[in-house]
Amino acid sequence: MTDPIIKFDSVGKRFGAITVLDDLDFEVANGEKVTIIGPSGSGKSTILRILMTLETISDGVVYVAGEPLWHERRGDALVPASEAHLREMRRHLGMVFQSFNLFPHMSVLRNLTEAPVRVLGLSKSEARDRARELLDMVGLADQAEKFPHQLSGGQQQRVAIARALAMRPRIMLFDEPTSALDPELVGEVQAVIRRLAEEHDLTMLLVTHEMRFAREISDRVCFIDGGRIREQGPPEELFTDPKEERTRDFLQAVLADN
Ligand SMILES: Nc1ncnc2c1ncn2[C@@H]1O[C@H](COP(=O)(O)OP(=O)(O)OP(=O)(O)O)[C@@H](O)[C@H]1O
C-alpha cells in the first residue's frame, strides 16, 4: 500500500494493567472504506478514539496523512505532541459517535456553522451556505431552524454526520453510528453513510455490529480480537470464507443474533 492516510505502527494501549491494543499494526489507504468488527471490549472504539485524540497511546506511533499524530518531529526524533499539534492534526478527522452529541441549545444550522466559523475562520454566510448544502445532502434541508430535541434520533444522527462534514475532514470515523437508534430509524442513517461511501473520496473508518451494512459499504473488513487484527480482507471473502477459527466463531455468534 502506498502512502497510507492512517497508519498504526506497533501501537500499544493500556488502561492500568489491562492491555487493550497489543502491538497493533494497521493501515488505511487514502479513500479506502474500512470496517472494524470484533467482540465487545476488543478495542474497536479505542482505535477511533485514539485517532480523534480522545485517548492517548502507550507505545508505538500513529500517523495521519504522513504526520505523527501523538508526536512531533524534532530533528530525527519524535517527541510527545503539543496541544497545538494535536489541534492541527484533528482537522483531518471528523467523528460521529453512537450518541449524537449535538449542541442542544443551538439550532441545527448553528450546530453546523459554529466550528467552521470559529475554527476554520469562514464567514457566517459562507458557513451557512455550506451548512445548507450538507443538510440537503442528508435530507434535512427543511429542518435547519429546529433544535436537536425537536428531531428524531435518526434525524439527529444525520445532523451529526453533516456537522462533522462541515469541517471538511479527509477522514470520517463512525463509532457504531446506528446502535443507539430505534430499529426503524437505522435505515435512514445507513443510507446517508452509504451515499457518502459511494459518492465521495473520503477515507472512512467504521465500527459497527451491523454485518450486512459492513458488507455493503466496505472495501475491507478487519476482525479485531484481543487488541490485534486477527483477520482482514474484502467483505465478500471475510464474511463468506473466514480463514481463522476465531473469526468464524464470532461471525456465527453475531449472525445468529441478527
Ligand atoms: N477509560 C478507560 N479506562 C479503563 N478501561 C477502559 C477505558 N476505555 C476503555 N476501556 C476498556 O478497554 C477495552 C476496550 O474498549 P473499547 O471500547 O475499545 O472496546 P470495543 O471493542 O469498542 O467494545 P464495544 O463493542 O463493547 O463497544 C474494554 O475492556 C474497556 O473496558
Side-chain angles (χ1 to χ4, degrees), residues 6-28 33-62 64 69-70 80-81 86 90 93-101 153 157 160-161 164 171-183 185-186 189-190 193 203-215 217-218 220-233 235 238-239 242 244-258:
I6 296 171
K7 179 175 162 118
F8 280 61
D9 187 2
S10 304
V11 171
K13 174 64 183 174
R14 288 181 294 279
F15 290 107
I18 308 169
T19 297
V20 178
L21 300 181
D22 180 15
D23 205 17
L24 177 74
D25 290 322
F26 173 54
E27 293 188 1
V28 179
K33 326 294 178 205
V34 176
T35 301
I36 304 175
I37 60 170
S40 183
S42 58
K44 304 181 298 295
S45 297
T46 301
I47 291 175
L48 300 193
R49 293 175 55 80
I50 286 172
L51 284 167
M52 206 57 211
T53 72
L54 298 169
E55 290 295 351
T56 57
I57 55 176
S58 312
D59 295 300
V61 186
V62 176
V64 170
L69 176 67
W70 280 102
L86 292 175
R90 250 176 240 135
L93 300 137
M95 184 153 172
V96 174
F97 299 86
Q98 240 177 78
S99 50
F100 332 122
N101 294 356
Q157 191 61 308
I161 294 170
I171 303 167
M172 280 288 283
L173 309 172
F174 294 92
D175 192 4
E176 299 187 31
T178 58
S179 62
L181 296 174
D182 291 337
L185 303 177
V186 167
V189 173
Q190 288 185 343
I193 299 172
T203 304
M204 289 176 37
L205 188 53
L206 169 82
V207 170
T208 187
H209 289 117
E210 308 264 349
M211 297 301 139
R212 194 180 310 151
F213 184 54
R215 191 171 181 150
I217 71 154
S218 316
R220 174 160 55 107
V221 178
C222 299
F223 171 66
I224 177 170
D225 192 15
R228 284 179 176 225
I229 295 174
R230 304 291 169 174
E231 185 166 356
Q232 55 183 319
L238 194 114
F239 286 124
E244 302 287 328
E245 196 175 334
R246 281 179 203 239
T247 322
R248 279 199 293 274
D249 291 347
F250 171 76
L251 288 175
Q252 241 161 31
V254 288
L255 296 174
D257 273 356
N258 277 351

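Whatever order the structure lists them in is the order used to number ligands and atoms, beginning at 1.
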Students should find this: residues with any non-hydrogen atom under 4.0 Å from ligand 1. What is the answer?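 Close residues (ligand 1, cut-off 4.0 Å): Phe15, Val20, Pro39, Ser40, Gly41, Ser42, Gly43, Lys44, Ser45, Thr46, Glu176, His209.
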Residues that Ser99 engages under side chain to side chain contact (heavy atoms under 4.5 Å, CB included), provided they are two or more places apart: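 In terms of side chain to side chain contact (heavy atoms under 4.5 Å, CB included), with neighbours along the sequence ignored, Ser99 is linked to Asn101.
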* Sorted by first residue and then second, give each salt bridge (Lys or Arg N to Asp or Glu O under 4.0 Å) pair with at least one member in residues 51-60; sequence neighbours left out. =>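 Qualifying pairs, neighbours excluded: Lys13-Glu55, Arg14-Asp59, Arg49-Glu55.
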> Under 3.5 Å, side chain of Trp70 to main-chain N/O of Ile50, donor-acceptor pair present?
Replying inline: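 Indeed, once roles are kept as given, a pair shorter than 3.5 Å links the two residues.
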**Short side-chain to backbone donor-acceptor contact, Gln98 and Asp175, under 3.5 Å** =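 No, Gln98 side chain to Asp175 backbone: no donor-acceptor pair under 3.5 Å.
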Query raised in the report: So which heavy atom on Val189 is nearest to which on Pro177, and how close?
Result: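 Here Val189 and Pro177 meet closest at CG1-O, 4.4 Å.
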Quiz item: Does Phe223 have any ring pair (Phe, Tyr, Trp, His ring centres under 6.0 Å) partners at least two apart in sequence or in another chain, and if so, which?
Solution: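 Residues passing ring pair (Phe, Tyr, Trp, His ring centres under 6.0 Å) with Phe223: Phe250.
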